[in-house]
Amino acid sequence: MTGAWTMTDEGEFVLNEPYASKLEEAKSVATMAWTAAMMEWLSDETGYEEEALLVEFVRRAKLEGRSPMEIVESFVIEALEGNLR
């Protein structure tokens, strides 16, 4: 078995398989868990239902040209203020 990393001719490190795929899988699972936890917490803190929060969050993520963290920050503040559309 080869190591996790390989250096290219240009001196850049590239993550080898299966490590690259497993890392992407881990990130996906972590993102889904984080999103579910955030929606549950926001639902407890606001009058919004979890599903409605998730629908609005996904809508914004698809439409807005801002970074994910900027979307999260504004989304949480607007939800806490009760100002979601």
Side-chain angles (χ1 to χ4, degrees):
M1 180 172 205
T2 62
W5 297 94
T6 299
M7 184 183 286
T8 67
D9 292 338
E10 293 80 29
E12 294 181 44
F13 286 97
V14 176
L15 190 57
N16 295 319
E17 291 297 340
Y19 303 99
S21 294
K22 287 297 184 182
L23 180 58
E24 287 304 311
E25 182 181 343
K27 287 191 226 178
S28 179
V29 168
T31 299
M32 288 185 296
W34 178 85
T35 302
M38 184 177 73
M39 297 308 152
E40 181 180 353
W41 181 83
L42 275 174
S43 180
D44 290 345
E45 295 290 321
T46 67
Y48 297 106
E49 293 182 11
E50 284 182 51
E51 186 168 331
L53 288 164
L54 183 59
V55 166
E56 178 60 16
F57 184 73
V58 169
R59 185 191 71 77
R60 289 178 184 213
K62 288 180 179 178
L63 294 178
E64 298 187 18
R66 298 183 295 161
S67 75
M69 191 49 66
E70 289 173 324
I71 294 169
V72 167
E73 289 172 355
S74 66
F75 181 80
V76 169
I77 291 167
E78 288 178 38
L80 291 170
E81 292 177 333
N83 292 332
L84 291 181
R85 296 176 208 163

S.K.: I'd like to know if the side chain of Thr46 and the backbone of Leu42 have a donor-acceptor N/O pair within less than 3.5 Å.
M.R.: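 Indeed, once roles are kept as given, a pair shorter than 3.5 Å links the two residues.
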S.K.: Are Glu17 and Ser21 close enough that a side-chain donor and a side-chain acceptor fall under 3.5 Å?
M.R.: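 Ser21 and Glu17 do have a side-chain donor-acceptor pair below 3.5 Å.
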S.K.: Hey, quick one: are Trp34 and Leu80 part of the same hydrophobic cluster, counting side-chain heavy atoms closer than 4.5 Å, chains of contacts allowed?
M.R.: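 In one cluster with Trp34: Leu80, yes.
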S.K.: Between Ala79 and Leu53, which heavy-atom pair has the shortest distance, and what is it?
M.R.: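 Here Ala79 and Leu53 meet closest at CB-CD2, 4.2 Å.
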S.K.: Less than 4.0 Å between a side-chain N and a carboxylate O, is that true for Glu70 and Arg60?
M.R.: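 Looking at Glu70 together with Arg60, the answer is no, because their closest N to O distance does not fall below 4.0 Å.
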S.K.: Give me the atom names and distance for the closest heavy-atom approach of Phe13 to Trp5.
M.R.: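 Result for this residue pair: CB-CE3, 3.8 Å.
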S.K.: Does CD belonging to Glu49 count more than 12 external heavy atoms closer than 6.0 Å?
M.R.: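 No, the 6.0 Å shell around CD holds no more than 12 heavy atoms from other groups.
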S.K.: Hydrophobic clusters here meaning ILVMFWY residues chained together by side-chain heavy-atom distances under 4.5 Å, can you tell me if Met7 and Tyr19 are in one?
M.R.: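 As far as the 4.5 Å side-chain criterion goes, Tyr19 and Met7 are connected within one cluster.
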S.K.: Looking at every non-hydrogen atom in both residues, tell me the closest pair between Val76 and Trp41 and how far apart they are.
M.R.: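 Minimum heavy-atom contact is CG1-CZ3, 4.3 Å.
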S.K.: Working to the nearest 0.5 angstrom, can you tell me the gap between Glu56 CD and Met39 CE?
M.R.: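 It comes to 9.5 Å.
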S.K.: Going by the rule salt bridge (charged side-chain N to carboxylate O under 4.0 Å, His left out), which residues pair with Glu24 if we only count those two or more places apart in sequence or in a different chain?
M.R.: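 With neighbours one apart ignored, the set is Lys27.
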S.K.: Could you report the tightest heavy-atom contact between Tyr48 and Leu84, atom names first, then the distance?
M.R.: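 Closest approach of Tyr48 to Leu84, heavy atoms only: OH-N, 2.9 Å.
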S.K.: Check whether more than 12 heavy atoms from other residues, nucleotides or ligands sit under 6.0 Å from atom CD of Glu51, and answer yes or no.
M.R.: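 No, not enclosed.
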S.K.: State which residues pass salt bridge (charged side-chain N to carboxylate O under 4.0 Å, His left out) with Glu25; sequence neighbours excluded, sorted by chain then number.
M.R.: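 Checked Glu25 against salt bridge (charged side-chain N to carboxylate O under 4.0 Å, His left out); matches are Lys22.
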S.K.: I need the minimum non-hydrogen distance between Ile71 and Ala61, along with the two atoms involved.
M.R.: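 Shortest heavy-atom separation between Ile71 and Ala61 comes out as CD1-CA, 4.0 Å.
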S.K.: Measure the shortest side-chain to side-chain distance between Met38 and Phe57 over non-hydrogen atoms and say whether it is less than 4.5 angstrom.
M.R.: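 Met38 reaches Phe57 side chain to side chain.
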